[in-house]
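These notes are about the structure you will find just below.
Atoms considered below: every heavy atom in the structure, side chains included; atoms not considered: hydrogens, waters and symmetry mates.
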Amino acid sequence: MQLIQQIPEIHAYLASSEAIDHWHPVVQETSDTLWSSSGDAYSYARTAFEFVRDTLAHSGDSGDPRVTWRASDVLTTRNGICHAKSHALVALLRAQGIPGALCYQRLTEDDGTNPVVHGLVALRLPGAARWSRLDPRGNKPGVDARFDLDRERLAFPVRPELGETDYPELYAAPHPAVLRALQESADRPRSWRSLPTSL
């Protein structure tokens with residue numbers, strides 16, 4: 001699949017926003033700590049990915065009812081659904097000058113019911129000719145997402161026969177429907193019910 005930048009200028013994928021608040025001290029401190037243990041852009045990207053995947057709990061797995069959507073809040077609470085964790089990873093990438101994008105999939109249950117939009121990220125290392133998608137959702141039995149810039153190792157490869165799809169657009173900011181669902185929900189179960197079923 002060919003990934004498509006929603007905004008042609010690469011600088012848009014380094015910008016800060018209310019959700020991707022990479023200027024926030026918590027994001028800066030986390031980023032600096034991770035950079036000090038890596039030392040180059042590739043190693044840092046891998047370290048940041050594994051940090052978000054493995055140390056920030058997916059609230060659907062942990063049962064945490066809190067809803068986070070700002071990258072700094074996700075890092076502070078160490079909690080969030082896939083979209084929130086994606087915001088955190090993109091903020092950590094941008095904090096070190098690595099372009100990061102938000103991207104989405106439409107997923108369903110095994111019988112094709114209950115569609116929902118799932119969030120993941122793409123990054124483009126300095127000097128790289130293309131974007132690579134990564135899924136920091138968090139692993140569990142049956143889910144084994146990995147850092148691999150050559151071959152996708154996502155949490156959920158799509159099943160077109162069930163109506164699942166990969167959306168090729170690379171967003172510089174969270175999709176408005178996703179962000180609204182997170183901002184307006186009092187708890188995680190309500191946020192899931194509010195997430196869009198397609199884009």
Side-chain angles (χ1 to χ4, degrees), residues 1-7 13 19 45-46 49-50 52-54 56-65 67-69 74 79-90 93 99-125 128-182 184-185 187-199:
M1 177 183 66
Q2 172 130 12
L3 298 173
I4 303 166
Q5 287 181 210
Q6 183 195 32
I7 299 174
Y13 299 90
R46 181 182 191 117
F49 166 78
E50 291 174 350
V52 173
R53 183 194 64 186
D54 298 340
L56 309 182
H58 187 288
S59 54
D61 297 340
S62 68
D64 194 321
V67 178
T68 53
W69 54 270
V74 179
N79 157 74
I81 65 171
C82 60
H83 300 286
K85 293 184 69 170
S86 294
H87 298 174
L89 180 53
V90 167
L93 293 169
L102 298 160
C103 39
Y104 301 95
Q105 297 173 309
R106 181 184 191 265
L107 302 177
T108 70
E109 301 288 351
D110 290 338
D111 61 359
T113 62
N114 299 319
V116 69
V117 170
H118 170 65
L120 56 158
V121 309
L123 66 82
R124 189 167 175 177
L125 288 179
R130 64 181 184 85
W131 291 85
S132 299
R133 290 193 308 167
L134 301 168
D135 193 338
R137 178 230 179 268
N139 290 340
K140 63 179 184 175
V143 176
D144 187 27
R146 301 281 172 162
F147 184 89
D148 194 326
L149 302 185
D150 299 316
R151 182 174 66 93
E152 286 190 342
R153 301 282 301 276
L154 303 180
F156 304 109
V158 299
R159 301 168 293 182
E161 68 277 9
L162 297 178
E164 296 183 341
T165 189
D166 283 310
Y167 294 108
E169 293 85 4
L170 300 173
Y171 291 85
H175 190 284
V178 170
L179 189 57
R180 187 167 50 251
L182 296 176
E184 296 178 357
S185 297
D187 56 37
R188 178 183 40 81
R190 275 179 262 201
S191 71
W192 275 358
R193 291 193 296 272
S194 300
L195 286 171
T197 59
S198 64
L199 297 180

Query raised in the report: Side chains of Asp135 and His118: donor-acceptor distance under 3.5 Å anywhere?
Result: yes

Report summary line: Tested for side-chain contact (heavy atoms from CB on, under 4.5 Å) against Asn79, the lone hit among Asp64, Leu56, Val67 is Asp64

Report task. Enter the distance from Ile4:CD1 to Cys103:SG here, rounded to the nearest 0.5 Å. Result -> 12.0 Å

Requested in this report: Only counting residues at least two apart or in another chain, list the ones meeting side-chain hydrogen bond (donor to acceptor under 3.5 Å, both in side chains) with His83.
Outcome: none

Query - By side-chain hydrogen bond (donor to acceptor under 3.5 Å, both in side chains) - contacts of Glu152 (at least two apart) - result: Arg133

Query - Closest non-hydrogen atom pair between Ala84 and Gly80, with its separation - result: CB-CA, 3.9 Å

Query raised in the report: Can you find a pair of side-chain heavy atoms, one from Pro65 and one from Ser59, that are under 4.5 Å apart?
Result: no

Could you give the side-chain donor-acceptor pairs of residues 167-182 under 3.5 Å, partners two or more places apart or in another chain?
residue	atom	partner	partner atom	Å
Tyr167	OH	Leu199	N	3.0
His175	ND1	Ala177	N	3.1

Query raised in the report: What pair of heavy atoms forms the shortest contact from Cys82 to His58, and how long is it?
Result: N-NE2, 3.4 Å

Report task. Taking the side chain as every heavy atom from C-beta outward, state whether Arg130 and Leu125 have any atom pair closer than 4.5 Å. Result -> no

Query raised in the report: Given side chains that start at C-beta, do those of Leu120 and Tyr104 come closer than 4.5 Å, heavy atoms only?
Result: no

Report task. Give a yes or no answer on whether the side chain of His87 reaches the backbone of Trp69 with a donor-acceptor pair at less than 3.5 Å. Result -> yes

Query raised in the report: Is any side-chain heavy atom of Tyr13 closer than 4.5 Å to a side-chain heavy atom of Gln5?
Result: yes

Report summary line: Residues pairing under side chain to side chain donor-acceptor pair (under 3.5 Å) where one sits in residues 190-199, two or more places apart or in two chains, turn out to be Asp187-Arg190

Report task. Work out which heavy atom in Pro136 is nearest to a heavy atom in Val52; give both atom names and the distance. Result -> CB-CG1, 3.8 Å

**Report entry** Check: Thr165 and Gln105 side chains under 4.5 Å, non-hydrogen atoms
**Finding:** no

Output side-chain donor-acceptor pairs under 3.5 Å for residues 107-117, partner residues at least two apart or in another chain, one line each.
residue	atom	partner	partner atom	Å
Thr108	OG1	Glu164	OE2	3.4
Asp110	OD1	Arg159	NH1	2.7
Asp111	OD1	Thr113	N	3.1
Asp111	OD1	Thr113	OG1	2.6

Query - Non-hydrogen atoms of Leu149 and Ser132 that approach each other most closely - result: O-OG, 3.0 Å

Query raised in the report: To the nearest 0.5 Å, how far apart are CZ in Arg146 and CZ in Phe49?
Result: 9.0 Å

Query - Residues which pass salt bridge (Lys or Arg N to Asp or Glu O under 4.0 Å) with Glu184, listed by chain and number, not counting sequence neighbours - result: none

Report summary line: Here the gap from Leu134 atom CG to Asp148 atom CG, rounded to the nearest 0.5 Å, amounts to 8.5 Å

Query raised in the report: Counting N and O atoms only, with roles assigned by atom type, does the side chain of Arg53 sit under 3.5 Å from a partner on the main chain of Ala145, one being a donor and the other an acceptor?
Result: yes

Report task. Dump the intermediate steps for side-chain contact (heavy atoms from CB on, under 4.5 Å) on Asp61 and Arg137, then the final yes or no. Result -> CA-CA 10 Å; Asp61 297 340; Arg137 178 230 179 268; 2.7 Å; yes

Query raised in the report: What pairs with Asp54 under side-chain contact (heavy atoms from CB on, under 4.5 Å), at least two apart in sequence or on another chain?
Result: Glu50

